[in-house]
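These notes are about the structure you will find just below.
The chain is numbered in sequence order, starting from 1.
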Amino acid sequence: ALEQYLPCFTRHVLRVTSQTGYAVKNEKMSNGAEKNRFRPDEDYPDLSKHNNHMAHSMTKEIYAKLRDVKTPGGFTLDQVIQTGVDNPGHPYIMTVGAVAGDEETYDVFADLLDPVIESRHNGFKKSDKHKTDLDSSKLKGGDESDWDSNYVLSSRVRTGRSVRGLSLPPKCTRSERRCVEKIVTEGLATLKGQFAGKYYPLSKMTDEEQEQLIADHFLFDKPISPLLLASGMARDWPDARGIWHNEAKNFLVWVNEEDHIRVISMEKGANMRGVFQRFCDGLKSVETAIKANGNEFMWNEHLGFVLTCPSNLGTGLRAGVHVKLPLLSKHDKFGQVLKNLRLQKRGTGGVDTASEGGIFDISNADRLGWSEVELVQIVVDGVRLLVNMEKKLEKGEGIDDMIPAPITKA
């Protein structure tokens, strides 16, 4: 009997055809959906050597419950976790190991993603609510009267946004991606004043435009990270991807990179206050322009702004500062100081790069559960302290009395 050769096909229908002999078919469920012919335990990924938030949260019970479930748009559990299955860990950071394919992903697969979010975002629970605050006037300090420009070299604030009703980059079709580009660029074209600018589609830009964008450090390339490739974010590259920037080149929008859009405000020097004000004003202008055409961004009171990677939920905000800390960075308490200040460091070339000349990119470690104003204030206050510590070390003085207590939520 054929069954003895097919011990793992526990739910199957055999049929004989003149062309192929025996064939195995999946059963149809009562609602017409196709049932997987393999048991969930036979399909369960080997996560025994994995070190990411998804692998730590996944159980066989969760997998069995959700494996055959899909979002209304058709995104599956295996698509959610594929990047975490294919990439067991990262040498520098604890990766998430999961992505969303649409807004509904976070609800449909909540049994897995709620624990992932709680782990990644320092205990943020399903019952918690996020807060949004883009009132830049509330920020205290962070300009050249507060920061020393001999140490603080540049400031940058970025976030992401997703257009409601369209699939996210891991799942979107070509038509959806082109629709995102159309909605966003038509909105950007209406911006005036300091936010008037031009859009450069990657597939149509001239060699001269490309060289200028590279020189300005604005151009983003086709993803090469295994984390992004396993999530399907490089499909159809460079179709419907592009870069928009204002005339002053200090406010940018990336279209269809890792999220529908990435919004960036930046400038050289020690003026985070100005960068954040432009970020808030520009972001509000972009959202107003998007809404004028009947569209809106994905947002809910629990998760805040919904983005592709669970690590960017909430504000999606990263406020980064390039700062000189050659002595402090060698101090054995440097890591603890950053942790207590809820800050993180990376090289100036990105997450996988080392520091050059003692210059680090210092940014907020949190995204979800804190408002935009609160996160930038943490960076402003933290960088001020780091620079003061550096100055004391330059004088040969100790800094043990300056070690801050851990920052906690009010």
What verdict does the salt bridge (charged side-chain N to carboxylate O under 4.0 Å, His left out) test give for Glu61 and Lys65, after you've listed the backbone C-alpha separation in whole Å, the side-chain angles of each residue and the deciding distance to 0.1 Å? CA-CA 6 Å; Glu61 291 75 20; Lys65 179 180 179 180; over 6 Å; no
To the nearest 0.5 Å, what is the distance between [atom1] on [X] and [atom2] on [Y]?
X      : Y      : atom1 : atom2 : answer
Gln277 : Asp135 : CD    : CG    : 10.0 Å
Ser154 : Asn271 : OG    : CG    : 11.5 Å
Ile183 : Cys179 : CD1   : SG    : 4.0 Å
Ser57  : Ile117 : OG    : CD1   : 10.0 Å
Asn250 : Phe195 : CG    : CZ    : 8.0 Å
Leu168 : Ser231 : CG    : OG    : 11.5 Å

Check: [X] side chain, [Y] main-chain N or O, donor-acceptor pair, under 3.5 Å:
X      : Y      : answer
His260 : Val163 : yes
Arg318 : Val157 : no
Asn364 : Ala319 : yes
His130 : Leu303 : no
Asp133 : Glu372 : no
Trp254 : Phe218 : yes
Gln82  : Ala230 : no
Arg235 : Pro169 : yes
Arg273 : Leu139 : yes

Which atom pair, heavy atoms only, marks the closest approach of [X] to [Y]?
X      : Y      : value
Val286 : Leu188 : CG2-CD2, 3.9 Å
Leu134 : Lys284 : O-NZ, 3.0 Å
Leu341 : Ile378 : O-CG2, 3.3 Å
Ile243 : Phe220 : CG1-CE2, 3.5 Å
Ala234 : Arg241 : C-NH2, 4.1 Å
Tyr106 : Ala100 : CE1-CB, 3.4 Å

Electrostatic pair [X]:[Y] at N-O distance under 4.0 angstrom:
X      : Y      : answer
Asp128 : Lys125 : no
Asp361 : Lys345 : no
Glu374 : Lys138 : no
Arg177 : Glu181 : no
Lys171 : Asp102 : no
Lys391 : Asp148 : yes
Glu296 : Lys291 : no
Glu301 : Lys131 : no
Arg164 : Glu103 : yes
Asp239 : Arg174 : no
Arg39  : Glu42  : yes

Tell me whether Asp207 at atom CG has more than 12 heavy atoms from other residues, nucleotides or ligands lying less than 6.0 Å away.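 Not more than 12 within 6.0 Å, no.
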What verdict does the side-chain contact (heavy atoms from CB on, under 4.5 Å) test give for Phe276 and Ser155, after you've listed the backbone C-alpha separation in whole Å, the side-chain angles of each residue and the deciding distance to 0.1 Å? CA-CA 9 Å; Phe276 186 53; Ser155 300; over 6 Å; no
Please determine, by modelled atom types, if [X] and [Y] share a side-chain donor-acceptor pair under 3.5 angstrom.
X      : Y      : answer
Ser119 : His53  : yes
Ser167 : Glu176 : yes
Asn87  : Asn52  : no
Thr159 : Arg161 : yes
Ser311 : Arg120 : no
Arg278 : Ser265 : yes
Tyr63  : Asp78  : yes
Ser48  : Asp46  : yes

Between Thr308 and Asp259, does a side chain to side chain donor-acceptor pair (under 3.5 Å) hold up when you go through it step by step? CA-CA 6 Å; Thr308 300; Asp259 289 297; 3.0 Å; yes
Does Leu47 form a side-chain contact (heavy atoms from CB on, under 4.5 Å) with Met58? I'd like the steps, not just the answer. CA-CA 9 Å; Leu47 303 173; Met58 177 66 81; 4.0 Å; yes
Candidate pair Thr315 and Arg367, rule side chain to side chain donor-acceptor pair (under 3.5 Å), full reasoning: CA-CA 5 Å; Thr315 62; Arg367 303 282 187 274; 5.8 Å; no
Suppose we call two aromatic rings close when their centres sit under 6.0 Å apart. Are [X] and [Y] close by that rule?
X      : Y      : answer
Phe38  : Tyr44  : no
His302 : Phe124 : yes
His245 : Phe251 : no

Is there a side-chain contact between Phe75 and Pro170, using heavy atoms and a 4.5 Å cut-off?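 Yes. Closest side-chain heavy atoms under 4.5 Å.
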Could you tell me whether the side chain of Pro404 reaches within less than 4.5 Å of the side chain of Leu385, counting heavy atoms only?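 SC-SC contact between Leu385 and Pro404 confirmed.
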Stepwise side-chain contact (heavy atoms from CB on, under 4.5 Å) test for Lys333 and Ile399: CA-CA 9 Å; Lys333 297 287 182 64; Ile399 59 170; 5.5 Å; no
Please step through salt bridge (charged side-chain N to carboxylate O under 4.0 Å, His left out) for the pair Asp41 and Lys60, ending with a clear verdict. CA-CA 7 Å; Asp41 65 290; Lys60 289 186 176 181; over 6 Å; no
Working for side-chain contact (heavy atoms from CB on, under 4.5 Å), residues Leu343 and Phe360: CA-CA 12 Å; Leu343 299 175; Phe360 288 85; over 6 Å; no
Lys204 vs Glu209, test: salt bridge (charged side-chain N to carboxylate O under 4.0 Å, His left out). Steps then yes/no. CA-CA 10 Å; Lys204 299 177 182 178; Glu209 289 171 339; over 6 Å; no
